[in-house]
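This one's a predicted model, so the numbers in the text were calculated from it and none came from an experiment.
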Amino acid sequence: MVHKPRNSLLAAGVSKYSRSQVFAKRALYKRKPAGTAAISLVPPMQMVPINGAKNGEGRLIATDKAPRFYAAEDVATPKKNRKHAGVAKLRSGIVPGTVLILLAGRYRGKRVVFLKQLESGLLLVSGPFKVNGVPLKRVNQAYVIATSTKVDIDASKIDAQLNDAYFARPKAAKKAATEEAFFEGEKKKEPLAENKVALQKATDKVILEAVAKVEHLRQYLSAKFSLSKGQAPHALSF
């Protein structure tokens, strides 16, 4: 009796069972995967000697021959991305001391003083906190409006510790979820570190000294920006 293959051909190039069906029928999922073979440093081409006076002494042939047939399905290869995120160029209208209006986030509508641009491209701003409650924070320049009002501050007096690492949050250790932890409820918010409080006060002192020299500037910073009915923001002069 002639053995008939399990996965017979229905037509030229078309099998009765798919690859996944054959995988299941042969119970290949029960077999243990073979260990990874060691990488062999075999040259891509090798010299094969050829007999005959007129055939030359040898001929170079490929060590691994190319497959006889191409794959039926296209194998997706990841596209190489040569682009990298660069630091955003600071807008010409934003200089140290410029009063900005925040357009998004928790403090949207508040006026803040721009201090410097960080290495990440974000803007370091402060309310100051004593005037309008906005602490030292980083903002994207795409979400601010630069006004014509400027505060004459000395950039050299801004502490060098105020960088991107200053705003990094400490990573908390992950704990397994337990029934006791579920019923504990929300944890109490930890107080701000003393060194950060000292930096906030020192930075606000530099800004407030410059703000005190301009009449009504403190009231201007404490006032929240808003639009009335019929006002078009593109038609306003900031």
side-chain contact (heavy atoms from CB on, under 4.5 Å) between Q141 and L122, worked out: CA-CA 7 Å; Q141 61 179 332; L122 299 176; over 6 Å; no

Distance-minimising heavy-atom pair for F225 and R111: N-NH1, 3.8 Å

Reported CD1-to-CD1 distance for the pair I61 and I50, which is rounded to 0.5 angstrom: 8.5 Å

Polar contact flag, side-chain donor to acceptor under 3.5 angstrom, N132-S222: no

Test item: K196 side-chain N/O and Y166 main-chain N/O as donor-acceptor pair under 3.5 Å: yes

Nearest atoms (heavy-atom pairs only) where T98 meets T147: CG2-O, 3.6 Å

Heavy atoms from other residues, nucleotides or ligands near NZ of K157 exceed 12 (cutoff 6.0 Å): no

L60 side, atom CG; Q46 side, atom CD - distance, nearest 0.5 Å: 9.0 Å

Verdict with supporting geometry, V197 and F129, side-chain contact (heavy atoms from CB on, under 4.5 Å): CA-CA 11 Å; V197 174; F129 182 77; over 6 Å; no

Separation of L90 CG from L123 CG (nearest 0.5 Å): 6.5 Å

Common cluster, L115/L199, ILVMFWY with side-chain heavy-atom separation under 4.5 Å: yes

Spacing of S8 atom OG and Y17 atom OH [to the nearest 0.5 Å]: 7.5 Å

More than 12 heavy atoms of other groups within 6.0 Å of Y220 OH: yes

Crowding at NZ, K130 (>12 non-hydrogen neighbours, <6.0 Å): no

Sub-4.5 Å side-chain heavy-atom contact between K205 and K201: no

Donor-acceptor pair, side chain of R108 and main chain of G105, under 3.5 angstrom: yes

Atom of P135, atom of Y107 and distance for their closest heavy-atom approach: CD-OH, 3.5 Å

Transitive ILVMFWY side-chain link L227 to I101, under 4.5 Å: yes

Joint cluster assignment, V139 & V134, ILVMFWY side-chain distance < 4.5 Å: yes

Within 6.0 angstrom of E194 CD, more than 12 heavy atoms from elsewhere: no

Nearest atoms (heavy-atom pairs only) where P128 meets D204: CB-OD1, 3.3 Å

D64 atom CG, neighbour heavy-atom count above 12 within 6.0 Å: no

Same apolar cluster (I L V M F W Y, side chains within < 4.5 Å links), V112/V206: no

CZ (R91) with more than 12 external heavy atoms under 6.0 Å: yes

Heavy-atom donor-acceptor pair, Q231 side chain to S228 backbone, under 3.5 Å: yes

Where L102 and V144 come nearest, the two heavy atoms and their spacing: CD2-CG1, 3.8 Å

Side chain proximity check, R218 to L208, heavy atoms < 4.5 angstrom: yes

Rounded distance (nearest 0.5 Å) linking atom NZ of K16 with atom CG of N7: 8.5 Å

Atom CG of D152: over 12 foreign heavy atoms under 6.0 Å: no

From I158 atom CD1 to L124 atom CG, the distance as rounded to the nearest 0.5 Å: 7.5 Å

Step-by-step side-chain contact (heavy atoms from CB on, under 4.5 Å) determination, L100 to I145: CA-CA 6 Å; L100 308 176; I145 295 176; over 6 Å; no

Q200 and S126: CA distance, side-chain angles, deciding distance, side-chain contact (heavy atoms from CB on, under 4.5 Å) verdict: CA-CA 9 Å; Q200 178 72 62; S126 181; 3.4 Å; yes

D159 and T203: side chain donor to acceptor below 3.5 Å: no

L9 and V14, any side-chain heavy atoms less than 4.5 Å apart: no

Whether over 12 other heavy atoms sit under 6.0 Å from E57 CD: no

Heavy-atom closest pair, residues K224 and K110: CG-N, 4.5 Å

With A27 via side-chain contact (heavy atoms from CB on, under 4.5 Å) - residues at least two apart: Y29, K30

Cluster link V95 to F114, ILVMFWY, side chain under 4.5 Å: no

